[in-house]
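One structure is given here, and the rest of the page talks about it.
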Amino acid sequence: MCVYNCIYIELITTTHHNHSSSIHKKLMGIPHILVLPFPAQGHVNPLMHLSKRLVQHGFKITFLNTDFNHKRVVSATNEHVNLEGPRMRLISIPDGLGPEDDRNDLASLCVAMLRTMPSLVERVIEDINGLDDDASEKISGIIADVNMSWALEIADKLGIKGAVLCPSAAAISAMQESIPKLIQDGILDSNGLPVKNRKFQILPGMPIMDTADIPWCIGDSTSMKIIFDYVVRLVQWSHLTDWRLCNTTSDLEPEALSLCPKILPIGPLMESDDNLRSLGQFWEEDLSCLSWLDQQPPCSVIYIAFGSFTVFDPLQFKELALGLELTNKSFLWVVREDIDTKGNTKTAYPDEFQGTRGKIVKWAPQQKVLRHPATACFISHCGWNSTVEGLSNGVPFLCWPYFADQVFDKSYICDVWKVGLGFDLDEKGLISRWEIKKKVDQLLGDDNIRGRSQKLKGMIVNNTLEGGQSYENFNKFVEWLKE
Ligand code: UDP
């Protein structure tokens with residue numbers, strides 16, 4: 001019995017039903033790669049961008065999501081999606097959690113995945129490779145999210161190529177590689193927990209961090225220990241390959257990359273510049289915000305989005321709504337249906353909130369929004385994808401990190417690259433409406449920040465042009481995959 005769900009038919013061009021044999025012929029001789037993201041939006045997106053680039057370079061991709069995310073991707077996809085033709089197939093397997101389990105509980109998710117997924121991934125490859133005697137149809141390599149680098153053991157076992165992509169900053173890999181030193185220096189104990197609250201820095205030039213913000217310090221001490229153990233094993237597995245790619249550039253993170261010279265920057269991984277819906281989104285993009293943006297003057301709109309995980313306390317949500325009102329500026333605000341910590345499906349906007357100068361959507365085509373000339377600044381949770389996407393478009397940031405690596409990314413933005421500002425908390429521990437207005441005014445009035453953002457944009461984009469480092473690294477990688 002087939003171990004995976006497959007929507008090969010749905011996501012290839014509709015002509016496939018009638019011309020399957022001619023398509024099959026076309027696929028012969030094409031290298032076939034299995035791509036395995038960690039089950040989260042900020043991981044699926046960069047791996048999907050990488051997959052699409054590989055398709056452009058002549059590869060066939062089988063993109064393996066968990067069943068849970070596969071369903072979301074398929075239902076967020078409609079007839080306008082940028083169909084990749086027979087070279088892109090989306091399939092899925094279970095993540096090991098039950099239907100009601102909380103998939104935002106990262107410790108349980110990691111335990112369940114490790115218990116369930118490796119043997120299934122192996123069977124998927126064996127199934128696909130056993131289907132056809134034609135060697136050219138067989139999967140010849142795996143590109144796994146670095147957070148799923150256990151898959152490299154499967155690649156080793158089956159004698160196929162294995163590579164990993166780090167979808168967060170290279171600095172996070174540098175920090176993970178530095179775990180033994182952090183323990184030796186007395187910053188962490190042997191369970192990966194901070195010995196005491198203090199500041200530390202991995203290398204001069206990298207952000208100064210607070211031990212409380214170490215990315216695996218999430219949840220209670222049991223969860224932290226589970227996540228830390230998972231991270232330690234990921235580091236070991238990731239050394240099984242010489243091909244460790246990262247969605248970053250050498251200008252952004254020279255120090256982190258010098259500490260981990262084996263990591264190859266290939267960023268920024270972005271969607272291609274087209275007018276179609278992106279593939280891989282968990283929620284359907286509301287494209288109406290693009291025509292709304294078309295009606296706004298250049299550089300006039302505040303874009304507010306907090307990625308796929310962030311939730312809001314109702315009091316803080318109200319302050320944000322009233323703060324946006326106070327700015328007296330146009331705004332485009334992404335309010336996911338599950339953004340409220342209290343689980344209310346309809347988040348309560350305060351009575352005073354008119355929202356007349358704003359547009360609120362449940363999920364935006366973010367890269368297109370950031371590329372739009374009307375966008376003036378980005379109030380962001382500083383997830384790494386959002387960070388790279390904002391930087392690549394020269395959009396200055398107001399940083400509102402929530403957890404994990406976002407706090408670290410914020411330090412890069414505010415202290416190292418100096419292309420954004422943070423918010424201060426009031427005596428109640430909230431970011432007040434007045435603080436929001438103050439920082440919006442300060443950011444938009446600061447020509448130096450805007451200048452630096454534009455300069456950084458130029459440097460980042462140059463990496464992907466012929467001769468740029470990311471361009472060269474990607475091409476080397478493609479050559480190796482094709483060997
Ligand atoms: N995103 C989007 N529409 C939205 C909000 C986010 O397309 O309304 C995309 C965004 O472009 C990014 C991803 O979702 O690629 C979020 O990843 P990130 O690393 O920024 O944050 P995470 O969701 O992992 O916290």
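Just follow the structure's listing: the first ligand is 1, and inside any ligand the first atom is 1. When a residue number appears, it is its place in the shown sequence, counting from 1. Because the structure is a prediction, the values reported are computed rather than measured.
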Testing the 3.5 Å rule here: is there a donor-acceptor pair between the side chains of [X] and [Y]?
X	Y	answer
H372	N393	no
T62	R89	yes
N45	Q41	yes
N473	S470	no
S92	K71	no

Kindly say whether [Y] contributes a backbone atom to a donor-acceptor pair with the side chain of [X] at under 3.5 angstrom?
X	Y	value
T241	G162	yes
S149	L234	yes
Y303	S380	no

Which atoms of ligand 1 sit under 4.0 Å from any heavy atom of [X]?
X	value
V334	8 (O)
G383	18 (P), 19 (O), 20 (O), 21 (O)
G307	23 (O)

**Report entry** Lys/Arg-Asp/Glu bridge criterion (N-O < 4.0 Å) met for E271, K52
**Finding:** no
Query raised in the report: For K225, does the NZ atom sit with more than 12 other heavy atoms under 6.0 Å from it, leaving out its own atoms?
Result: yes
Query raised in the report: Quick one: does ligand 1 sit under 4.0 Å from the side chain of E389, the backbone, both or neither, non-hydrogen atoms only?
Result: side chain
Query - ligand 1 contact on W384 by region, counting heavy-atom pairs under 4.0 Å - result: backbone
Query raised in the report: Is the closest heavy atom of H381 to ligand 1 under 4.0 Å?
Result: yes
Query raised in the report: Does even one non-hydrogen atom of Q406 get within less than 4.0 Å of ligand 1?
Result: yes
Polar atom proximity, [X] to ligand 1 (N or O, under 3.5 Å):
X	result
N45	yes
Q41	no
E285	no

For [atom], closest protein heavy-atom neighbour:
atom	answer
atom 7 (O) of ligand 1	Q281 NE2, 2.7 Å
atom 1 (N) of ligand 1	W363 CZ2, 3.2 Å
atom 23 (O) of ligand 1	S308 OG, 2.4 Å
atom 24 (O) of ligand 1	G42 CA, 3.5 Å
atom 19 (O) of ligand 1	N385 ND2, 2.9 Å
atom 20 (O) of ligand 1	S386 OG, 2.5 Å
atom 3 (N) of ligand 1	A364 O, 2.6 Å

Requested in this report: Using the ring of W363 (Phe, Tyr or Trp, six-membered ring only), decide whether R336 places NZ or CZ under 6.0 Å from its centre and within 45 degrees of its axis.
Outcome: no
